[in-house]
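Here the structure comes first, spelled out in structure tokens, and everything after it is commentary.
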Amino acid sequence: MAGHRDPRRKSGGPGKAKPVGFLVVQAHDQYVIERMALPHGAASDFVLVNLFAEPLGAPMSPDRVTELLQRLSKWETPPSG
């Protein structure tokens, strides 16, 4: 159909997929491995859940995610260990 535009292909917006670097993918993979080793982590469908803070297994609050991302953004290189 001429002129058809897919509404999911709007420019910008918070729901649009963004490319990420290798270290981001590696960090997420490590998080998933740690999360699945904990009973309360494996039981949630949310992407980021509380693994070590109450309420265990609950989705992280927006404020907690912001705090986490701010701390991570201060690293110039990934921490060793």
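This one's a predicted model, so the numbers in the text were calculated from it and none came from an experiment. All heavy atoms count here, side chains included; hydrogens, waters and symmetry mates do not.
Atom CD of Q30 sits about 4.5 Å away from atom CD of E34, to the nearest 0.5 Å.
A search for side-chain contact (heavy atoms from CB on, under 4.5 Å) contacts involving V32 returns H28, M36, not counting sequence neighbours. Under the side chain to side chain donor-acceptor pair (under 3.5 Å) criterion, Q26 pairs with no residue at all, not counting sequence neighbours.
Evaluation of the side chain to side chain donor-acceptor pair (under 3.5 Å) test over residues 39-64, restricted to residues two or more places apart or in two chains, returns none.
A single hydrophobic cluster is seen to contain both L69 and F52, as judged by linkage of ILVMFWY side chains at heavy-atom distances under 4.5 Å, directly or through other members.
Using a 4.5 Å heavy-atom cutoff, the side chains of L68 and M60 are in contact. Using a 4.5 Å cut-off on side-chain heavy atoms (C-beta onward), V47 and Y31 make no contact.
The shortest non-hydrogen separation linking L51 to L56 is O-CD2, 3.4 Å.
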